[in-house]
There are 2 protein chains.
Amino acid sequence: MERKDPRRDLLERAVDYLSEHGVIARSLRQLAAELGTSHRMLIYHFGSMEGLLVEVVREVEARQRAVLADLDPTGSPADVAKAFWRRFTDPALYPNERLFFELYGQALQGRPGTEALLPEVVTAWLGPLVALGKSHGLSERDALVNARLGMAVTRGLLLDLLATGDLEAVNEAMDRFVDTYVAGLP
Amino acid sequence: MERKDPRRDLLERAVDYLSEHGVIARSLRQLAAELGTSHRMLIYHFGSMEGLLVEVVREVEARQRAVLADLDPTGSPADVAKAFWRRFTDPALYPNERLFFELYGQALQGRPGTEALLPEVVTAWLGPLVALGKSHGLSERDALVNARLGMAVTRGLLLDLLATGDLEAVNEAMDRFVDTYVAGLP
DNA sequence: TGGTACATGTACCACTTGGTACACGAGGGG
DNA sequence: CCCCTCGTGTACCAAGTGGTACATGTACCA
């Protein structure tokens, strides 16, 4: 059970650590020291600093997708949207989300090792969200437009939340959107 | 007229350059070389690397606010929203917006010198947007909620646009939001 | 038993980093 | 005319960087 894959273990701890402390200004050596190894080990397992970054990006993406996966698609669109939002605003996810936005920003600027995020960052979510919309009777086209819009609202409010910490305010904005826009959908 | 302030000049060119190339992985020396000076000059004018970053953040913020300032608040909310969005999706602004999101991400992770962004990043926009909403007859509370929501939609779709480059798709999503939600407001 | 593949530590390398010391030239005011 | 401030360049520094060489430990298989 307890896997003996040191690389996997190292990666998970690295992602956790970087989620808490940010990926900038962390060198191989600092990171290694803080994980209780030597920087030699990170090189050994990931080839290079950039190789590690690539894996971190992949893992962050996988975690995001895991959040999406345990979405329960039953109930009205409004109910699904609210459950979705509640899941995202779980404070336990804040560090991962911060890391996600940090990497997103760096990917936009072309930092090597992070580019892999960009193609996925939107499209990977569109698929499931479109399917969800269609299951509620939307046309392909409408489902796509609304998926995009819903994702934008979610990410935009998440950025707001992470910057201000004002959960009440962003909840209010999301409620307004869901009650006024989403509720009138199907 | 335009002469006399080498520091100001240096700062503007630095922001332009960092907009195009990203703030990570740019050292004092690289940046200086690319601006045609020595890193000594950057230290002289800004005190330190972090001092420079602080000024860059301030300038990016100022530019964002300049975009907000030349908003024409006449016309229906839907018209204003669409004009607003059109202004933001001017490709000439992409580099600035990329830099904005990059710094935003780093500020969320607590990079020294960037923290100044966080308090402003939401609240600085709320004021003018709330005033706009109220001028169209919304209550204080409604204006606030809608300002927050509008900002989230804008930033979320901007993130989408910068990642995918699919202007048509994000325009469609914004149109849908404006026509369905904003149009029903006043 | 021995070998071999993985995992890890120690020591080192060349290079870059942010920051400093210092010298120099131009311009203006006394 | 001298001096002083501003802006700039050159040279330098200690510290930290990513990466490599090599030796070692450990476990499992033949």
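Letters A, B, ... mirror the listed sequences (proteins, then strands); counts begin at 1.
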Every protein N/O within reach of nucleotides 9-13 of chain D N/O, cut-off under 3.5 Å:
residue	atom	partner	partner atom	Å
D/dG9	O6	B/Arg40	NE	3.2
D/dC12	N4	B/Arg29	NH2	3.3

B/Thr123: side chain to side chain contact (heavy atoms under 4.5 Å, CB included) partners, not counting sequence neighbours =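 For B/Thr123 there are no side chain to side chain contact (heavy atoms under 4.5 Å, CB included) partners, ignoring immediate neighbours.
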Check: B/Phe46 and B/Val54 side chains under 4.5 Å, non-hydrogen atoms =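 Of all side-chain heavy-atom pairs linking B/Phe46 with B/Val54, none is under 4.5 Å.
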Heavy-atom side-chain proximity of B/Gln64 to B/Trp125 below 4.5 angstrom |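 Answer yes - side chains close enough.
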Roughly, in whole Å, what's the span from [atom1] in [X] to [atom2] in [N]?
| X | N | atom1 | atom2 | answer |
| --- | --- | --- | --- | --- |
| A/Leu31 | D/dT17 | CG | P | 11 Å |
| A/Phe46 | D/dG19 | CZ | P | 13 Å |
| B/Ile43 | C/dA21 | CD1 | C1' | 13 Å |
| A/His45 | D/dG19 | NE2 | C1' | 16 Å |
| A/Tyr44 | C/dA5 | OH | P | 12 Å |
| A/Met49 | C/dT16 | CE | C1' | 16 Å |
| B/Leu52 | C/dG19 | CG | C1' | 14 Å |

So, is B/Gln30 close to the C/dT16 phosphate, meaning a side-chain N or O under 4.0 Å from OP1 or OP2?
->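 Answer is no, no contact under 4.0 Å.
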Presence of B/Ser27 side-chain N/O under 4.0 Å of C/dT16 phosphate oxygens OP1/OP2 |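 For C/dT16, OP1/OP2 do not have a side-chain N/O of B/Ser27 under 4.0 Å.
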Same cluster or not: are A/Met174 and A/Leu129 linked, directly or through other Ile, Leu, Val, Met, Phe, Trp or Tyr residues, by side-chain heavy atoms under 4.5 angstrom apart?
->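 Yes.
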Out of curiosity, does B/Val145 fall in the hydrophobic cluster containing A/Val153 (side-chain heavy atoms, cut-off under 4.5 Å, transitive links)?
->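 They do not share one cluster, since no chain of ILVMFWY contacts under 4.5 Å joins A/Val153 to B/Val145.
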Counter-base of D/dA30, judged by Watson-Crick or G-U geometry with both distances under 3.5 Å =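 Pair assignment: D/dA30 / C/dT1.
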Salt bridge or not for B/Asp9 and B/Arg13, using N-O below 4.0 Å?
->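 Here B/Asp9 pairs with B/Arg13 in a salt bridge, since their nearest N and O are under 4.0 Å apart.
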